[in-house]
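Report on one structure; see the data block that follows.
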Amino acid sequence: MKSKTIKKGIERAPNRALLYATGLSPSQMDKPFIGVASSFTDLIPGHTSMRDLERFIEKGVHEGGGVPFFFGIPGICDGIAMGHKGMHYSLASRELIADMVETVAEAHRLDGLVLLTNCDKITPGMLMAAARLDIPSIIVTAGPMLSGRWQGRRLNLTSDTFEAVGKYKQGEISLNELKALELCACPGSGSCQGMYTANTMACVTEAMGMSLPGCAATPAVVADKKRIAFESGIRITRLVEKNITPGKIISRKSIDNAIRVDMALGGSTNTVLHIPAIAHEAGIQLPLERFDELSADTPHIVNMIPGGEYYMEDLYFAGGIPAVLSRLKDKLHNTQTVSGKKIYSIADKAVASDADVIRVQSKYYHKQGGIAVLKGNLAPKGCVVKQTAVSPEMIRFEGTARVFNSEEAGMKAIVSGKIKAGDVVVIRYEGPKGGPGMREMLSPTSAIAGMGLSASVGLITDGRFSGGTRGPCIGHVSPEAMEGGPIAVVKDGDIIRINITNRSIDLLLDDDEIEKRLQDWRPPAPKINKGWLARYAKLVTSASTGAVMS
């Protein structure tokens with residue numbers, strides 16, 4: 001046990017004295033020390049239920065023969081941070097979260113970790129830390145929110161608040177209806193109800209083998225979630241006893257499993273940032289093209305909002321991720337999981353109780369998986385789109401560029417009615433370096449959808465999108481504008497051709513004209529030049545490599 005470093009030997013008397021000062025008993029000194037990293041906060045609905053889960057994890061660790069030590073990890077709610085300066089901090093916080101978990105675990109020589117998490121950048125940050133530290137670790141995601149209800153229909157955050165803003169601007173709904181929706185769309189604790197980034201990452205975590213079966217889809221408010229927390233507390237002590245570390249769970253094959261499940265679910269494009277970052281910490285090279293290779297060979301069999309109709313609660317009642325594994329078994333590797341069971345064993349015991357929520361492969365919603373990687377002279381190193389959330393008429397699209405150097409400028413043009421059918425909105429200088437922080441564009445994409453333009457207007461950015469985005473919205477354009485990528489020299493009136501089927505995205509100019517513009521281009525002054533974000537901008541790498549720190 002690593003904790004022997006701080007509790008064994010005569011010379012460790014001062015260390016033990018300080019441990020005893022916490023209330024520790026001498027009888028506990030021979031037990032494994034288990035850190036419980038909790039991202040509880042009153043600020044995020046996905047995290048407000050964590051106090052109860054902490055109690056059940058604590059009970060489980062004691063039951064398993066360990067000693068739990070709780071420490072806090074901060075979190076950001078992407079929905080609350082959306083559309084203003086706060087969103088600059090979201091992706092950047094992923095690196096801080098990984099660093100904080102590493103710092104506490106290494107400084108106190110913890111034997112194992114239970115990582116209690118839920119939302120967008122917190123879960124990948126925790127996984128990055130687990131892979132980096134390579135001490136026994138288990139992830140507990142706190143669970144999705146139930147759907148809202150209003151006048152007999154189900155509600156969700158994206159369609160019924162973000163997109164409702166556009167509908168109100170168009171005069172389709174009244175101010176009173178908008179106010180009713182904002183009160184009813186999010187009825188309580190949990191991560192937002194669809195296959196947005198938080199829930200996608202929870203599903204990816206389970207498919208990768210780093211959380212117990214059923215954890216991802218189990219809603220925050222049901223008793224099953226408490227039982228999973230309790231069993232995770234017990235299980236971490238067994239992982240410590242057997243020295244089963246993330247390095248024995250996170251492998252090239254388990255990452256392929258995670259990507260396949262992601263593709264089958266039509267998950268958030270943000271996984272194309274987070275899974276490579278986790279792989280990087282595990283010492284595994286994961287090229288962007290791997291997502292496209294697996295997507296091409298993985299049918300989309302779970303049609304979740306925002307692109308589809310089902311909610312996380314539907315996935316839970318239909319059998320959750322174990323049932324998805326059972327449908328995909330012939331395409332998966334039989335890798336080990338933190339439960340002690342292998343993927344095939346979990347799949348064999350699962351039952352998909354609703355054949356429409358979790359379809360068999362032959363009755364897919366789409367023949368290919370959720371994400372497509374496009375390349376061309378506008379994005380030489382690639383960009384991504386959630387293809388299963390794009391209407392058929394926009395799979396191939398040619399439009400006129402309307403160029404904006406910030407999200408705010410683009411949003412202003414959209415809501416003021418200046419964007420028309422046939423336009424391609426280009427929002428640049430919002431990448432990892434240029435943002436800095438690669439802000440999500442849920443406000444502009446939702447406004448486009450809410451104003452009825454999602455089948456006639458494209459949006460391209462070197463920033464990123466929320467898992468709640470739908471329509472022909474292409475993000476992660478690499479190289480980004482701040483690095484002098486071709487997106488930096490697009491002008492109003494240029495014609496852009498998007499062909500998702502052919503995986504291409506091109507600025508319809510000859511190479512000489514693009515090269516001339518690039519030679520004349522000069523980088524603008526940084527938007528933020530002090531504090532953590534200024535340091536982040538200097539060190540962060542391209543979106544095509546997961547926006548990890550160099």
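Along the sequence shown, residues carry numbers from 1.
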Donor on one side chain, acceptor on other, Ser254 and Thr335, under 3.5 Å: no
Pairing of Arg517 and Asp494 as salt bridge, 4.0 angstrom limit: yes
Whether Glu480 side chain and Gly463 backbone form a donor-acceptor pair below 3.5 Å: no
Heavy-atom pair with the smallest gap, counting every atom of Ala164 and Leu181: CB-CD1, 4.0 Å
Within 6.0 Å of NZ in Lys329, more than 12 heavy atoms from elsewhere: yes
Rounded distance [0.5 Å steps], CG in Asp262 versus CE in Met195: 8.5 Å
Candidate pair Tyr196 and Asn270, rule side chain to side chain donor-acceptor pair (under 3.5 Å), full reasoning: CA-CA 9 Å; Tyr196 311 138; Asn270 281 310; over 6 Å; no
Separation between CD1 of Ile343 and CG of Asn334, rounded to the nearest 0.5 Å: 7.5 Å
Derivation and outcome, side-chain contact (heavy atoms from CB on, under 4.5 Å), residues Leu127 and Leu115: CA-CA 8 Å; Leu127 277 164; Leu115 302 163; over 6 Å; no
Carboxylate-amine/guanidinium proximity below 4.0 Å for Arg290 and Glu293: yes
Stepwise side chain to side chain donor-acceptor pair (under 3.5 Å) test for Ser90 and Asp78: CA-CA 7 Å; Ser90 175; Asp78 277 30; 2.7 Å; yes
Thr123 versus Thr117, side-chain donor and acceptor atoms under 3.5 Å: yes
Distance-only polar pair, side chains of Asn199 and Ser191, donor-acceptor under 3.5 Å: yes
Ile496 side chain near Asp506 side chain, heavy-atom distance below 4.5 Å: no
Ion pair check, Asp99 and Arg132, cut-off under 4.0 Å: yes
Sole residue of His88, Arg464, Arg439 in side chain to side chain donor-acceptor pair (under 3.5 Å) with Glu430: Arg439
Those residues that, when tested against Tyr536, pass ring-ring contact (aromatic ring centres under 6.0 Å, His included) (two or more places apart): Trp532
Test item: Phe465 and Leu459 side chains (from C-beta on) under 4.5 Å apart, heavy atoms: yes
Side chains of Ile514 and Asn377 in contact at under 4.5 Å (non-hydrogen atoms): yes
Intermediate values then yes/no, side-chain contact (heavy atoms from CB on, under 4.5 Å), Val261 and Asn257: CA-CA 6 Å; Val261 168; Asn257 286 347; 5.7 Å; no
Side chains of Ser147 and Glu313, donor plus acceptor under 3.5 Å: yes
Parallel, tilted or perpendicular: rings of Tyr365 and His300 (30°, 60°): tilted
Distance-only polar pair, side chains of Ser39 and His47, donor-acceptor under 3.5 Å: yes
Nearest heavy-atom neighbours spanning Arg497 and Glu398: NE-OE1, 2.9 Å
Note, Leu265 side chain near Thr200 side chain (heavy atom, < 4.5 Å): no
Nearest-0.5 Å distance that lies between atom OG1 in Thr205 and atom CD1 in Ile278: 6.5 Å
Sub-4.5 Å side-chain heavy-atom contact between Ile474 and Ile505: yes
Intermediate values then yes/no, salt bridge (Lys or Arg N to Asp or Glu O under 4.0 Å), Asp512 and Lys516: CA-CA 6 Å; Asp512 289 343; Lys516 180 180 180 301; over 6 Å; no
Separation of Asn303 CG from Asp356 CG (nearest 0.5 Å): 8.5 Å
Derivation of the side-chain contact (heavy atoms from CB on, under 4.5 Å) call for Val302 and Tyr310: CA-CA 8 Å; Val302 184; Tyr310 293 112; 5.9 Å; no
Interatomic spacing from OG1 in Thr501 to CD in Gln368 - rounded to 0.5 Å: 8.0 Å
Salt bridge (Lys or Arg N to Asp or Glu O under 4.0 Å) between Arg503 and Glu289, worked out: CA-CA 11 Å; Arg503 302 297 197 259; Glu289 291 76 15; over 6 Å; no
Minimum side-chain heavy-atom gap Asn405-Pro524 below 4.5 Å: no
Non-hydrogen side-chain atoms of Thr158 and Ser446 separated by less than 4.5 Å: yes
Lys/Arg-Asp/Glu bridge criterion (N-O < 4.0 Å) met for Lys121, Glu440: yes
His84 side-chain N/O to Gly86 backbone N/O, donor-acceptor pair under 3.5 Å: yes
Enclosure of Asp511 CG (heavy-atom neighbours >12, cutoff 6.0 Å): no
Asn118 versus Thr141, side-chain donor and acceptor atoms under 3.5 Å: no
Leu178 side, atom CG; Glu172 side, atom CD - distance, nearest 0.5 Å: 12.5 Å
Heavy-atom pair of closest approach, residues Ser443 and Glu407: CB-OE2, 4.0 Å
Under 3.5 Å donor-acceptor, Asp492 side chain and Val403 backbone: yes
Side chain Ser478, main chain His476, donor-acceptor under 3.5 Å: yes
Sole residue of Arg154, Lys167, Arg153 in salt bridge (Lys or Arg N to Asp or Glu O under 4.0 Å) with Asp160: Arg153
Ala409 backbone acceptor or donor facing Ser406 side chain under 3.5 Å: yes
Under-4.0 Å salt bridge between Lys418 and Asp423: no
Flag, side chain of Arg428 to backbone of Ile487, donor-acceptor distance under 3.5 Å: yes
Pro444 side chain near Met441 side chain, heavy-atom distance below 4.5 Å: yes
Salt-bridge present (Asp120, Arg94; N to O < 4.0 Å): no
Least distance between heavy atoms, Ile173 atom then Tyr168 atom: O-CD1, 3.5 Å
Heavy atoms from other residues, nucleotides or ligands near CD of Glu393 exceed 12 (cutoff 6.0 Å): yes
Heavy-atom neighbours of Lys331 NZ exceed 12 at 6.0 Å: yes
Minimum heavy-atom distance Pro45-Cys77, with the two atoms named: CD-SG, 4.4 Å
Closest non-hydrogen atom pair between Ala282 and Ala131, with its separation: N-CB, 4.0 Å
Backbone of Val540 reached by a side-chain donor or acceptor of Ser550 within 3.5 Å: no
Donor-acceptor pair, side chain of Gln193 and main chain of Leu157, under 3.5 angstrom: yes
